[in-house]
Amino acid sequence: MAYLHLFWPEGGALPRMQALDIFHMDTGGCTGCGMELRAVSRALDAGNAAIRFVSTPRQAGLLLLTGSLSVEMAPVVELAWQAMPGSRLLAVVGDCAVDGGVFTPSYAGLGGGGGRAQASLSLPGCPPAPAMILEALIRWRTGQDKQPPAA
């Protein structure tokens with residue numbers, strides 16, 4: 001089980017925020033970022049946090065993409081985006097989702113989803129650590145930092 005720090009490095013407690021429901025889609029790649037997100041999800045479930053991962057885009061306010069965007073997954077991502085209610089936000093996590101990473105555009109891949117759509121949150125790394133992902137989500141959600149910390 002992953003244990004994440006409940007306090008910032010400066011020693012202050014994590015800020016309170018409105019609930020954030022995240023729908024995660026892996027659009028093609030090595031699934032390294034997906035494994036790190038699973039660790040984040042377990043820690044959030046154990047801590048009863050205001051951030052949670054949901055199982056359907058109809059419940060989500062944030063679509064989180066990992067992996068390079070494949071040709072086959074592009075229409076699926078669009079359907080998930082259209083199924084989200086109300087105001088929708090996009091986050092891309094990992095080098096592959098940000099700019100394609102090691103998966104260059106080809107007949108089967110379109111590169112990174114971050115290059116095809118305006119993302120509200122972009123976090124590079126191969127893969128970013130669970131603590132980095134959680135910190136970026138909290139700082140972005142509370143408005144403390146418009147850009148996540150560099151990897």
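Expressed to the nearest 0.5 Å, how far CG of L65 lies from NE2 of H24 amounts to 8.0 Å. From L20, atom CG reaches atom CD1 of I138 across 10.0 Å, with rounding to the nearest 0.5 Å. Summarising the geometry, atom CZ belonging to R52 is positioned 7.5 Å from atom CD belonging to Q59; distances are rounded to the nearest 0.5 Å. Atoms CG and CD1, from L134 and I51 in turn, are 5.5 Å apart once rounded to the nearest 0.5 Å. For the atom pair M84 CE and T56 OG1, the distance stands at 10.0 Å (nearest 0.5 Å).
A search for side-chain contact (heavy atoms from CB on, under 4.5 Å) contacts involving A83 returns P57, R58, not counting sequence neighbours.
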Assess whether side-chain contact (heavy atoms from CB on, under 4.5 Å) is satisfied between D26 and L37, documenting all intermediate values. CA-CA 11 Å; D26 189 345; L37 282 170; over 6 Å; no
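Within a 6.0 Å sphere centred on CZ of R88, heavy atoms belonging to other residues, nucleotides or ligands number more than 12. Heavy atoms from other residues, nucleotides or ligands lying under 6.0 Å from CD of Q82 number more than 12.
Following chains of ILVMFWY side-chain contacts shorter than 4.5 Å, one can reach V71 starting from W81, so the two form part of one hydrophobic cluster. V76 and L110 fall within the same hydrophobic cluster, where Ile, Leu, Val, Met, Phe, Trp and Tyr residues are linked whenever their side-chain heavy atoms come under 4.5 Å apart, directly or through other members. With hydrophobic clusters built from ILVMFWY side chains whose heavy atoms lie under 4.5 angstrom apart, V54 shares a cluster with L63. Clustering ILVMFWY residues whenever any of their side-chain heavy atoms sit less than 4.5 angstrom apart, transitively, puts I133 in the very cluster that holds I22. Linking Ile, Leu, Val, Met, Phe, Trp and Tyr whenever their side-chain heavy atoms come within less than 4.5 Å leaves L90 and V40 in two separate clusters.
Pairing each heavy atom of L89 with each of S120, the nearest pair is CD2-OG, 3.4 Å. Considering every non-hydrogen atom in both P124 and D95, the closest pair reads CB-OD1, 3.5 Å. Of all heavy-atom pairs spanning E36 and P130, the tightest one is OE1-CD, 2.8 Å. In plain terms, the two heavy atoms of S68 and C96 that are nearest each other are N-CB, 3.4 Å. When every heavy atom of V93 is checked against every heavy atom of C33, the shortest pair comes out as O-SG, 3.9 Å. Contact record, A60 with F23: CB-CB, 3.6 Å, taken as the closest heavy-atom pair.
No side-chain heavy atom of L121 sits less than 4.5 Å from a side-chain heavy atom of L62.
Judged purely by atom type and a 3.5 angstrom limit, S70 uses its side chain to pair as donor or acceptor with the backbone of M73.
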